[in-house]
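Below is one structure, written out as structure tokens; the observations come after it.
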2 protein chains.
Amino acid sequence: MKDNAKDKFVRTWGEMASCWGINKTMARIHALLIAADAALSTDEIMERLEISRGNANMNLRALVDWGLIRRVSVGSERREYFQADQDIWSMGCRIARERKKREIEPVIVALEECLKESGDPRFNKKISELLELVKTVDSVLGRLARQERSTVMPKVLAVLKTMA
Amino acid sequence: MKDNAKDKFVRTWGEMASCWGINKTMARIHALLIAADAALSTDEIMERLEISRGNANMNLRALVDWGLIRRVSVGSERREYFQADQDIWSMGCRIARERKKREIEPVIVALEECLKESGDPRFNKKISELLELVKTVDSVLGRLARQERSTVMPKVLAVLKTMA
DNA sequence: GTTATCTTTCATATATTTCTGAAAGTATGA
DNA sequence: TCATACTTTCAGAAATATATGAAAGATAAC
């Protein structure tokens, strides 16, 4: 890691990881691959981030799972290489989609169950409001996630500006 | 904890906590206070969640810090009681504000530094795009957070529907 | 089949986060 | 000032999450 700016980028992404509820190494690998000009092999990643093979393998799999990176083959080599999605906006869409799936949808299901099971009207009122809030967020994320190349956010912003 | 629906609500909120990058007990206390009809004392919270005094104190402070609950005094009692914000939408605004401050703003600062320090045009292009994405999210959250009683989300949703 | 190369798994180790409970701190009022 | 009622702190314990590296599992070429 000779380039200071890239190095800082990798470090920063890793430090932010805990806020985002993901693991630090996963974030660092992602950053490394975003910054990289070419696809990298597992060994290159291990070396540059000073992590073990098992760790690299686990986090690469998780990143592929999130749809944030993909396996690519280089020439006729046996070795697998990894490459980050090169379109930043589409990366944003994927993150939106995954977070919706992992963070929001399970809450909606659980809140609806609470609502069904409870007879307390005061509690039900609160849960309904919460559900309304969560569903709105869910809906916004859902629409965002559906865009191929996102033009949504700028439009949303424009609308917000006319209010306030 | 006799009420099953409330109990499930507290449990669910706690389980989601890791996704949101906050701690489980903090989320459970928050849920307990949302569900409660009256303010609760530290001892009541300790007892109902079966946690220690130190733990309760630490997480109550964090929740006050986030602006999600507040200290209230009951009658002439010496003891402090805690109460969740009763307005769910305003709670949403607070969460938006805190997450913007904790998760988004530091990234923007760091990305701008990366941009300044790097001479690699390919890298700079990616960072600029990333910055644009992050700033858009920041801006949306910022506007959301500024609303007192949020009417923003429904409007945003309405706008999104006209596109698709 | 055998060898060489690369990937995945998993028991164990390490690091990090969270929790406990007793001690110290603070405020109130007799 | 002392006793009382409550809050906060913090060192160590427990729980959880992450990482390691050697072994087992693939796959391809010979």
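Proteins get letters first, then strands, A, B, ... in listed order; numbering begins at 1 in each. Small disclaimer: the values here were computed from a predicted structure and weren't measured.
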- Task: Would you tell me if any nitrogen or oxygen in the side chain of B:Arg61 comes within less than 4.0 Å of OP1 or OP2 on D:dT9?
- Result: yes
- Message: Between B:Lys100 and B:Ala145 (side chain of the first, backbone of the second, donor and acceptor by atom type, cut-off under 3.5 Å), is there such a pair?
- Response: no
- Message: Closer than 4.0 angstrom, basic N to acidic O: yes or no for B:Lys101 and B:Glu105?
- Response: no
- Message: At a heavy-atom distance below 4.0 Å, which nucleotide of DNA chain C is the first touched by chain B, and which is the last?
- Response: C:dT18 to C:dT28
- Is the side chain of A:Lys24 donor-acceptor paired with the backbone N or O of A:Ser18 at a distance under 3.5 Å, no angle test? no
- For A:Arg71, the salt bridge (charged side-chain N to carboxylate O under 4.0 Å, His left out) test, sequence neighbours excluded, returns A:Glu80
- Any side-chain N or O of B:Asn57 less than 4.0 Å from the OP1 or OP2 oxygen of D:dT7? no
- Evaluation steps, salt bridge (Lys or Arg N to Asp or Glu O under 4.0 Å), between B:Lys135 and B:Glu112: CA-CA 11 Å; B:Lys135 279 184 172 170; B:Glu112 278 171 345; 2.9 Å; yes
- For B:Ala17, enumerate each residue passing the side-chain contact (heavy atoms from CB on, under 4.5 Å) test, keeping only those at least two apart in sequence or located in another chain. B:Ile22, B:Ala27
- Item | Check: A:Glu98 and A:Asp65 side chains under 4.5 Å, non-hydrogen atoms | no
- Output yes when a side-chain donor or acceptor of A:Ser118 lies under 3.5 Å from a complementary backbone atom of A:Cys114, and no otherwise. no
- With A:Arg61 via salt bridge (charged side-chain N to carboxylate O under 4.0 Å, His left out) - residues at least two apart: none
- Query: Of the residues in residues 76-85 of chain A, which ones touch DNA chain C at a heavy-atom distance under 4.0 Å?
  - Reply: A:Arg78, A:Arg79, A:Glu80
- Scoring nucleotides 17-24 of chain D by protein non-hydrogen atoms under 4.0 Å (B base, S sugar-phosphate only, - none) yields -SSBB---
- Query: Which of these passes side chain to side chain contact (heavy atoms under 4.5 Å, CB included) with B:Asn59: B:His30, B:Arg28, B:Met26?
  - Reply: B:Met26
